[in-house]
Undergrad: 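Once you've had a glance at the structure underneath, I'll fire off some questions.
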Amino acid sequence: MEKIQVVLGDITKIEVDAIVNAANNTLLGGGGVDGAIHRAAGPELLEECRKLNGCKTGEAKITKGYKLPAKYVIHTVGPVWQGGNANEDELLASCYRNSLELAAKNGIKTIAFPSISTGAYRFPLNRAAKIAIREILNFLKDNESIEKVYMVCFDEKTMNAYAEALQELSQ
Ligand code: AR6
């Protein structure tokens, strides 16, 4: 049974132990998926985020999920695409790795990721999808505690990119 599932949908509606937020360094909210998560979770999420003192690019921090169906939110900060020579690939890989490590440490069994960095941060989609799937597969290889990882894509183009990467890399 495949532990990774690529789905089309709104990550704020997914019933999992944790959803991942594609946040910015302030962790104080923004547009895109970050805005949607804060709206759905309610103002208590921002209150907790204010106490975290931000987050470095590639790292991850955890909060409760408040009004979300998910119990936790793992906030990570993807790299802004700057052409590919600013360590973007490694930083994006770190987002997935650190989020999964933090999840495992907190007893999370099911987790949902959005397509980190491919919106406002302009990371090329197919390149991001390969990095994401590679990191998730690598993590699952050495970790038994996480049972299911959803890649929640907001549009079909994004879904196709992740589905293709999954097919390619899981062979
Ligand atoms: N569910 C799932 N995916 C979504 C949703 C949703 N509800 N809404 C948008 N997406 P982006 P980034 C997709 O821009 O590139 C914020 O302002 C979206 O279609 O949200 O990492 C932060 O505060 C795209 O495929 O994140 C940062 O400043 C993907 O989520 C900055 O944007 C990521 O797009 C982070 O930029």
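This structure is a prediction, so every number in the text was calculated from the model and none was measured. Each ligand, and each atom within it, is numbered from 1 in the order the structure gives.
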Undergrad: Would you say Gly119 has any N or O atom under 3.5 Å from an N or O of ligand 1, going by distance alone?
TA: yes
Undergrad: Under the side-chain hydrogen bond (donor to acceptor under 3.5 Å, both in side chains) rule, what do Tyr162 and Ser115 come out as? Steps first, then yes or no, please.
TA: CA-CA 9 Å; Tyr162 284 86; Ser115 176; 2.7 Å; yes
Undergrad: Do me a favour and list the nearest non-hydrogen protein atom to atom 16 (C) of ligand 1 with residue, atom name and distance?
TA: Gly31 O, 3.4 Å
Undergrad: Could you tell me whether the side chain of Ile74 reaches within less than 4.5 Å of the side chain of Ile111, counting heavy atoms only?
TA: yes
Undergrad: Please compare Tyr121, Phe123, Tyr162 and report which has the shortest non-hydrogen distance to atom 28 (O) of ligand 1.
TA: Tyr121
Undergrad: Can you tell me which residue and heavy atom of the protein come closest to atom 21 (O) of ligand 1, and the distance to 0.1 Å?
TA: Ser117 N, 2.8 Å
Undergrad: Closest non-hydrogen protein atom to atom 30 (O) of ligand 1, residue and atom name please, with distance?
TA: Val33 CB, 4.0 Å
Undergrad: Distance to 0.1 Å, residue and atom name: give those for the protein heavy atom nearest to atom 29 (C) of ligand 1.
TA: Ser115 O, 3.3 Å
Undergrad: List every atom of ligand 1 that sits less than 4.0 Å from any heavy atom of Asp34, numbering the atoms from 1 in the order shown and giving each element.
TA: 22 (C), 23 (O)
Undergrad: Tell me whether the centres of the aromatic rings in Tyr150 and Phe113 are closer together than 6.0 Å.
TA: no
Undergrad: Enter the distance from Glu2:CD to Lys148:NZ here, rounded to the nearest 0.5 Å.
TA: 7.5 Å
Undergrad: Can you confirm whether Lys61 is buried at NZ, in the sense that more than 12 heavy atoms of other residues, nucleotides or ligands lie under 6.0 Å from that atom?
TA: yes
Undergrad: Identify, for atom 3 (N) of ligand 1, the protein heavy atom at the shortest distance, and state residue, atom and that distance.
TA: Phe154 CB, 3.6 Å
Undergrad: When you look at Thr76 and Asn98, which way does the side-chain hydrogen bond (donor to acceptor under 3.5 Å, both in side chains) test go after all the steps?
TA: CA-CA 8 Å; Thr76 190; Asn98 287 325; over 6 Å; no
Undergrad: Does atom CG (Asp155) have a neighbourhood of more than 12 heavy atoms from anything else shown, all under 6.0 Å?
TA: yes
Undergrad: What do the steps show when you test Glu144 against Lys109 for salt bridge (Lys or Arg N to Asp or Glu O under 4.0 Å), and what is the final call?
TA: CA-CA 9 Å; Glu144 294 283 294; Lys109 290 187 165 63; over 6 Å; no
Undergrad: Under 4.0 Å from a heavy atom of Thr118: which atoms of ligand 1 are those, numbered in the order shown and with their elements?
TA: 15 (O), 25 (O)
Undergrad: Among all protein heavy atoms, pick the one closest to atom 7 (N) of ligand 1 and tell me residue, atom and distance.
TA: Asp10 OD1, 2.9 Å
Undergrad: What residue and heavy atom of the protein are closest to atom 32 (O) of ligand 1, and at what distance?
TA: Ala120 CB, 3.7 Å
Undergrad: Around atom 26 (O) of ligand 1, find the nearest protein heavy atom and jot down its residue, atom name and distance.
TA: Ala22 CB, 3.9 Å
